[in-house]
Amino acid sequence: MATPTKKNAADSVQKKLETQEELLHRMKRTRKANQAIAATAGTVAGLVVLGPIGAVVGGIAAHTVTKATGRHCEHRIRSKNTLKNQRGKSANDKPIPEGVLV
């Protein structure tokens with residue numbers, strides 16, 4: 001079993017430091033690629049099963065399902081990071097006006 005080298009350790013640290021924008025951008029690129037693959041696979045499967053009409057329906061259905069799933073994952077990551085950033089912040093963080101406390 002190989003031990004991790006300094007370069008591998010630095011790469012893993014760099015991956016952990018990835019910002020939310022970079023993560024979401026990478027997820028979007030991956031989603032777009034997956035949509036194209038799913039549409040192609042759906043078209044071929046639909047063509048085999050139902051002919052030309054099945055090709056159109058299968059391609060559109062596979063593309064739409066893949067798109068919805070990818071967007072849901074992106075939304076979940078965005079929500080988690082938003083909640084994480086909002087933790088610890090409350091209405092009590094505002095300074096109290098001097099006239100209120102007597």
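Distance check, rounded to the nearest 0.5 Å: CD of Glu74 to CZ of Arg76 gives 11.0 Å. Going from atom CE of Met27 over to atom CD of Glu22 covers 14.0 Å, rounded to the nearest 0.5 Å. Taken from OG1 in Thr30 to NE2 in His25, the straight-line distance is 9.5 Å, to the nearest 0.5 Å. Here the OG1-CD distance, from Thr69 to Gln35, works out to 10.0 Å after rounding to the nearest 0.5 Å. Atom-to-atom distance recorded for Arg31:CZ and His72:NE2 is 13.5 Å, nearest 0.5 angstrom.
Ala38 and Ala62 get closest at one heavy-atom pair: O-CB, 3.2 Å. Pro52 and Leu47 get closest at one heavy-atom pair: N-CD1, 4.0 Å.
Looking at heavy atoms from C-beta onward, Ile77 lies in side-chain contact with Leu23 at the 4.5 angstrom threshold.
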